[in-house]
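Structure record follows, encoded as structure tokens.
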Amino acid sequence: MGRSPCCHKEGLNKGAWTADEDKLLSDYIKSRGGGKWGKVPKETGIKRCWKSCRLRWLNYLRPDIKRGNITHDEEDLIIRLHKLLGNRWSLIAGRLPGRTDNEIKNYWNTILAKRQQNNEKSSIARVVDEACRNPDMGYQHQ
DNA sequence: AAGTCACGCAACCGCTTTGAT
DNA sequence: AATCAAAGCGGTTGCGTGACT
């Protein structure tokens with residue numbers, strides 16, 4: 001049910017985005033706004049499926065995106081939110097202005113890998129432990 | 001200096017959910 | 001109320017880069 005047919009069309013570009021594609025997408029979203037992703041490839045001429053366009057915008061082109069260097073506070077919040085919400089990356093990202101679900105997911109997977117390697121009580125483990133004991137963890141419902 | 005390995009990030013794939021008809 | 005298409009989400013993969021031997 002409901003599999004998006006656009007992603008099965010042949011002749012679509014794959015892999016890394018070019019500067020031209022970025023500009024087309026960025027200009028389009030700025031002038032028309034997001035939401036109707038199905039129209040984006042047709043109206044911009046970008047040879048990508050709508051999913052790729054959406055992902056590119058959300059994870060890379062959005063003007064309010066912060067990139068790199070997740071702060072200690074942000075890391076702390078991610079860990080606490082993950083404890084509460086599980087792998088609901090989009091929800092977690094919603095609590096972290098300027099961060100994307102993909103970025104947080106990648107970051108978490110990196111942390112997990114490190115934690116598995118260390119397998120010892122790290123600062124993260126301590127934070128998680130602390131989070132368990134303090135339910136009012138300073139995040140806000142919207 | 002060259003080759004190999006490991007890590008991190010960007011992008012893709014497929015399933016689920018939501019909205020329109 | 002049922003069906004279908006569009007959109008959203010999370011897991012996984014592939015590529016590029018840097019560190020190490």
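We name chains A, B, ... by the order of the sequence lines, and we start the count at 1 in each one.
As a whole-Å value, the separation of A/E75 CD from B/dG8 C1' is 15 Å. For the pair A/N109 CG and C/dG14 P, the interatomic distance rounds to 16 Å; values are reported in whole Å. Counting to the nearest Å, the P atom of C/dT12 and the CH2 atom of A/W89 are 12 Å from each other. The distance between atom CG of A/N13 and atom C1' of C/dG14, rounded to the nearest whole Å, is 17 Å. Distance CH2 (A/W108) to P (B/dG8): 15 Å, rounded to an integer number of Å. Rounded to whole Å, the distance from CG on A/L81 to P on C/dG10 is 13 Å. Remark: P of C/dC9 and CG of A/L58 are 8 Å apart, rounded to the nearest angstrom. Atom pair A/R88:CZ and C/dG8:P shows a separation of 17 Å (rounding to whole Å applied).
Taking the six-membered ring for Trp and thresholds of 30 and 60 degrees, A/H82 and A/W89 have nearly parallel ring planes, at less than 30 degrees apart.
Within the model, atoms CG of A/L77 and CD1 of A/I92 stand 9.0 Å from one another, a figure rounded to the nearest 0.5 Å.
With sequence neighbours excluded, no residue forms a side chain to side chain donor-acceptor pair (under 3.5 Å) with A/D73.
A 6.0 Å sphere centred on NZ of A/K39 holds no more than 12 heavy atoms belonging to other residues, nucleotides or ligands.
When side chains are defined from C-beta on, A/N87 does not count as touching A/K105, because their heavy atoms never get closer than 4.5 Å.
For A/N87 and C/dG11, the shortest distance from a side-chain N or O to OP1 or OP2 is below 4.0 Å. OP1 or OP2 of C/dG8 sits under 4.0 Å from a side-chain N or O of A/W37.
Figure legend: cation-pi geometry between A/R48 and A/W17, with NZ or CZ positioned under 6.0 Å from the six-membered ring centre and within 45° of its axis.
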Pairs: protein N or O with nucleotides 9-11 of chain B N or O, under 3.5 Å:
from   : atom 1 : to     : atom 2 : distance (Å)
B/dA10 : OP1    : A/R67  : NH2    : 2.6
B/dA10 : OP2    : A/R67  : NH2    : 3.0
B/dA10 : N7     : A/N106 : ND2    : 3.1
B/dA10 : N6     : A/N106 : OD1    : 3.4
B/dA11 : OP1    : A/W17  : N      : 3.4
B/dA11 : OP1    : A/R56  : NH1    : 2.6
B/dA11 : OP2    : A/R56  : NH1    : 2.5
B/dA11 : O3'    : A/G15  : O      : 3.4
B/dA11 : N7     : A/N102 : ND2    : 3.2
B/dA11 : N6     : A/N102 : OD1    : 3.1

